[in-house]
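Here the structure is laid out as structure tokens; the discussion comes afterwards.
One-based numbering along the sequence shown. Counting starts at 1 for both ligands and their atoms, in listed order.
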Amino acid sequence: MENCIFCKIAKGEIPSATLYEDEEFRVILDLGPANKGHALILPKAHYANIYELPDETAAHAMVLAKKIVTKMKDILKCDGYNIVQNNGEAAGQTVFHFHMHLIPRTAGDQAGITWTPGTLTSEDRDEILEKFLME
Ligand code: 5GP
Ligand code: ZN
């Protein structure tokens with residue numbers, strides 16, 4: 001992907017604050033952090049989103065997320081962690097190269113990763129179960 005900024009960062013063609021690197025991934029600090037220590041896991045190969053991601057890479061990414069947040073939690077002494085992964089513009093994705101956000105949280109911070117809970121209606125429940133389980 002010639003014009004993909006995360007391809008360039010992941011491959012080291014553009015410098016970044018790198019926390020971790022191996023053959024498959026680079027983990028960098030986000031330039032627009034939701035909180036201090038906000039990091040991104042980038043696969044070095046280009047996949048636009050989770051739908052394109054090979055199972056093996058998905059599995060490795062989650063294991064790596066666990067390692068990074070476990071270490072970072074001790075360093076930052078934060079109270080919690082959000083692992084966020086956006087797919088599609090409607091979901092807030094702005095860079096179309098798969099990435100996972102690792103966002104440290106402290107009690108009462110303003111990171112604001114939240115939603116207003118609705119109600120699961122019986123119509124929605126039945127419709128979704130029927131359609132999903134039919135496939
Ligand atoms: P998305 O909205 O696609 O889930 O997340 C994109 C993230 O990438 C944002 O949090 C944004 O701050 C971060 N970002 C965008 N461009 C760069 C960059 O050039 N370097 C780094 N380190 N982060 C970036
Ligand atoms: Zn890319």
Run the numbers on Thr57 and Phe98 for side chain to side chain contact (heavy atoms under 4.5 Å, CB included), then give the verdict. CA-CA 11 Å; Thr57 312; Phe98 175 90; over 6 Å; no
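- Of the protein's heavy atoms, Gly92 O, 2.8 Å lies nearest to atom 2 (O) of ligand 1.
- Proximity of Ile9 to ligand 1, defined as any heavy-atom pair under 4.0 Å, is confined to the side chain (atoms from C-beta onward).
- In Glu13, the CD atom is crowded: over 12 heavy atoms of neighbouring residues, nucleotides or ligands sit closer than 6.0 Å.
- The shortest contact between atom 9 (C) of ligand 1 and any protein heavy atom is with Asp30 OD2, 3.4 Å.
- Taking every heavy atom of His101 and a limit of under 4.0 angstrom, the matching atoms of ligand 1 come to 1 (P), 4 (O), 5 (O), 7 (C), 10 (O).
- By the 3.5 Å distance cut-off applied to N or O atoms, Ile5 is not counted among the residues near ligand 1.
- To the nearest 0.5 angstrom, Asn49 atom CG is 9.0 Å from Phe96 atom CZ.
- With a 4.0 Å cut-off on non-hydrogen atoms, Leu31 touches ligand 1 through its backbone as well as its side chain.
- Counting the atoms of ligand 1 from 1 in the order shown, those under 4.0 Å from a heavy atom of Gly32 are 12 (O).
- Evaluated for a side chain to side chain contact (heavy atoms under 4.5 Å, CB included) with Leu102, the options Asp30, Ile41, Val84, Asn82 yield exactly one hit, Ile41.
- Look at Ser16 and you'll find every heavy atom at least 4.0 Å from all atoms of ligand 1.
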Apply the test side chain to side chain contact (heavy atoms under 4.5 Å, CB included) to residues Phe6 and Leu40: give CA-CA distance (whole Å), side-chain angles for both, the deciding distance (0.1 Å), then the verdict. CA-CA 10 Å; Phe6 280 4; Leu40 302 170; 3.8 Å; yes
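- Between Leu29 and ligand 1, an N or O atom pair is found at a separation short of 3.5 Å.
- Closest approach between the Zn ion (ligand 2) and any N/O/S atom of His97 involves ND1.
- Nearest-heavy-atom check against atom 6 (C) of ligand 1 across Ile14, Thr18, Val84, Thr94 picks out Thr94.
- Of the polar atoms of Leu40, none of the N or O atoms is found under 3.5 Å from an N or O of ligand 1, judged by distance alone.
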Does Ile5 form a side chain to side chain contact (heavy atoms under 4.5 Å, CB included) with Ile14? I'd like the steps, not just the answer. CA-CA 8 Å; Ile5 180 110; Ile14 292 178; 3.9 Å; yes
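- At the Zn ion (ligand 2), the angle from ND1 in His46 to SG in Cys4 is 110° when rounded to 10°.
- At most 12 heavy atoms of other shown residues, nucleotides or ligands fall within 6.0 angstrom of atom CG in Asp55.
- With a 4.0 Å cut-off on non-hydrogen atoms, Asn86 touches ligand 1 through its side chain and not its backbone.
- Taking the ring centroids of His99 and His97, they lie at or beyond the 6.0 Å cut-off.
- Only side-chain heavy atoms of Phe6 come within less than 4.0 Å of ligand 1; its backbone N, CA, C and O stay farther off.
- For Ala39 against Val27, the heavy-atom pair with the smallest separation is CB-CG1, 4.2 Å.
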Run Lys11 and Arg26 through side chain to side chain contact (heavy atoms under 4.5 Å, CB included) and show every step you take. CA-CA 8 Å; Lys11 289 174 188 155; Arg26 183 184 293 271; over 6 Å; no
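- Here's the thing with His99: one of its N/O atoms is less than 3.5 angstrom from an N/O atom of ligand 1.
- Using a 4.5 Å cut-off on side-chain heavy atoms (C-beta onward), Lys66 and Thr70 make contact.
- Here Gln85 has no heavy atoms under 4.0 Å from ligand 1, in either its backbone or its side chain.
- By the 3.5 Å distance cut-off applied to N or O atoms, His38 is not counted among the residues near ligand 1.
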